[in-house]
Protein chains: 2
Amino acid sequence: MPLNNPTRTAPVTTADKIFEQMQHAIVEGKIPAGSKISEPELAKQYQVSRSTLREALNRLEKCHLVERKANIGSRVVDCTIQGLLELYITREALEGMACRQAALNITNDEIVDMQAMLQRHSQSPALQDGVSYYQEQGDLDFHYKVILASHNQQLINLICGQLYHLVRMYRCQFGMNSPRATRAFDEHSHIIQAIADRDGELAEILMRRHIAASRINIESKILKIK
Amino acid sequence: MPLNNPTRTAPVTTADKIFEQMQHAIVEGKIPAGSKISEPELAKQYQVSRSTLREALNRLEKCHLVERKANIGSRVVDCTIQGLLELYITREALEGMACRQAALNITNDEIVDMQAMLQRHSQSPALQDGVSYYQEQGDLDFHYKVILASHNQQLINLICGQLYHLVRMYRCQFGMNSPRATRAFDEHSHIIQAIADRDGELAEILMRRHIAASRINIESKILKIK
DNA sequence: AACCGACGAATTGTCGACAATTTAAATGGA
DNA sequence: TCCATTTAAATTGTCGACAATTCGTCGGTT
């Protein structure tokens with residue numbers, strides 16, 4: 001999984017690189033959720049000083065992938081059902097508002113870009129050459145574009161810089177690369193339409209429904225497993 | 001200004017203490033907004049090692065009071081009008097949802113507690129022994145209680161742990177300890193009523209209106225200054 | 001047998017020094 | 001005088017070592 005993110009900046013310092021490596025490892029579960037992090041051990045494993053590793057840990061803490069207690073240590077966050085539901089509720093609030101702001105602030109160029117993206121998506125998954133691809137990458141692409149179109153730096157940083165790392169982690173660990181593709185496509189389409197029409201109120205409502213539907217879909221899947 | 005925060009934990013390590021001191025200094029403008037931070041200078045000033053100061057800087061970065069660029073250094077965020085409006089839009093989204101969740105998840109004890117708080121507020125500002133007190137502390141008290149009542153850890157962390165430090169900073173630097181107290185009181189009252197009635201939809205709408213009104217009020221004040 | 005306290009090992013927090021990068025000044029040429 | 005290049009100073013990033021705290025073990029007491 002490429003793990004691209006619009007707010008991502010090229011890693012320049014070694015702490016940046018360790019941060020990205022650990023981020024991948026945590027999202028994909030190679031460093032297990034809920035596990036304790038041993039600074040000396042990981043420092044040796046990644047071949048860096050403990051200071052550098054701590055720097056990386058600090059950034060992981062910033063995007064809520066690890067939690068640290070004073071004099072106790074760091075733990076990877078654990079993926080609970082309640083945490084997942086809370087995350088989706090938060091997304092509903094933030095992305096709903098981002099969608100409303102997008103309807104107000106989007107540029108014409110961005111509208112063209114989003115419609116082109118939708119066009120691509122309408123063909124790719126129909127060919128069935130990878131439903132999972134659509135769901136994973138295409139869905140994130142769509143949401144990222146909407147958020148960026150809000151032109152609200154506060155919202156962009158919160159959602160892309162913090163929340164979405166957790167979203168990826170949950171998707172990965174709970175194995176949610178599943179369908180809902182066609183319905184999601186229609187919903188994406190309607191949302192873009194509302195944004196293009198500059199109808200902020202409708203755009204927000206549709207986005208909130210879209211995320212809520214996704215939450216309920218996931219909820220039922222989890223209940224099925226249990 | 002006491003700067004109390006429900007998510008605040010007692011500072012145990014020295015980095016904690018430096019963090020709190022700098023937090024106060026930034027919020028109150030003693031370390032000017034937008035200014036560059038010299039690690040060696042501040043380390044000497046606070047009588048700590050540069051590592052410890054960097055640890056404090058990392059936490060300030062977590063609550064969006066400081067921004068750091070690799071190999072360049074740290075700057076205090078600067079207070080712009082656009083930033084303020086973006087912050088209020090974000091609050092509208094998050095606290096609106098928190099208010100809806102509060103209506104769903106609040107306990108009876110918490111309802112009693114909130115009503116008692118409202119009772120206190122109804123008397124204190126009427127006595128005019130400190131309108132600024134009401135606006136500063138009382139208003140924050142109210143919002144904190146609503147957020148905590150949501151019982152959504154994700155929302156609580158985001159709003160109390162990050163957003164509200166910025167809110168305090170803007171209030172302080174733009175000198176917003178001003179009235180709007182009586183209208184705000186009525187709005188608080190209606191919101192609590194909706195929560196007590198377990199009417200999530202209404203509670204969210206009222207909270208969003210409340211914050212939007214506050215934003216517009218501030219907007220007009222700023223325009224007056226210019 | 002269960003509980004409490006002391007001791008030792010391991011982990012985290014803090015420090016100062018060195019390396020790498022950026023910023024500023026200084027030098028030289030057009 | 002202005003601009004480009006080089007050089008020096010300052011700042012940030014990284015490292016290893018020491019101090020402080022926590023965790024686990026052991027022994028003793030009730």
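From a predicted model like this one, the values you see are computed outputs, not experimental measurements. Each chain gets a letter, A, B and so on, in the order its sequence line appears, and its residues count up from 1.
Between A:Leu57 atom CG and D:dT14 atom P the separation is 14 Å, expressed in whole Å. Note: CG (B:Asn58) to C1' (D:dT12) measures 13 Å, nearest angstrom. Nucleotide D:dT11 holds its C1' atom 13 Å from the CG atom of B:Leu42, rounded to whole Å. Atoms CZ (A:Phe19) and P (D:dT14) sit 14 Å apart, rounded to a whole Å. One atom, CZ of B:Arg75, and another, P of C:dT23, lie 11 Å apart when rounded to the nearest Å. Atom NZ in B:Lys69 sits roughly 25 Å away from atom P in C:dA20 (whole-Å rounding). Computed from coordinates, the B:Ile18 CD1 to C:dG13 P distance equals 15 Å when rounded to whole Å. Taking atom CZ on A:Arg68 and atom C1' on C:dG13, their separation rounds to 9 Å, with Å as the unit.
Ring-centre distance between A:His210 and A:His143: below the 6.0 Å cut-off.
Looking at residues two or more places apart in sequence or on another chain, you find a side chain to side chain donor-acceptor pair (under 3.5 Å) between B:Glu86 and B:Gln82. In this view, B:Arg100 and B:Glu204 satisfy the side chain to side chain donor-acceptor pair (under 3.5 Å) rule, not counting sequence neighbours.
Between A:Gln173 and A:Gly29 the shortest heavy-atom distance is NE2-CA, 3.2 Å.
Nearest nucleotide to the A:Glu39 side chain, out of D:dG13, D:dT14, C:dT12: C:dT12. Across C:dT11, C:dT14, D:dT14, the shortest atom-to-atom separation from the side chain of B:Thr14 is found for C:dT14.
Contact check, B:Thr52 against C:dC15: a side-chain N or O comes under 4.0 Å of OP1 or OP2. Phosphate proximity of C:dT22 to B:Lys36: absent, as no side-chain N or O sits under 4.0 Å from OP1 or OP2. Between C:dG13 and A:Arg54, a contact under 4.0 Å exists linking OP1 or OP2 to a side-chain N or O.
Position along DNA chain D of the nearest nucleotide to A:Glu55 versus A:Ile72 favours A:Glu55 as the more 5'-ward residue.
Between B:Phe142 and B:His188, the ring planes are parallel. Angles under 30° get that label, and only those over 60° would be called perpendicular.
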Identify each atom pair where a protein N or O and an N or O of nucleotides 16-21 of chain D are less than 3.5 Å apart, giving names and distance.
residue, atom, partner, partner atom, Å
D:dG16, O6, A:Ser51, OG, 3.4

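Using a 4.0 Å heavy-atom cutoff across all strands shown, B:Ile37 reaches sugar-phosphate atoms only and no base atom.
Side-chain contact between A:Ile106 and A:Met114 is present, with at least one heavy-atom pair separated by less than 4.5 Å.
Side-chain atoms of A:Asn105 do not come within 3.5 Å of backbone N or O of A:His151 as any donor-acceptor pair.
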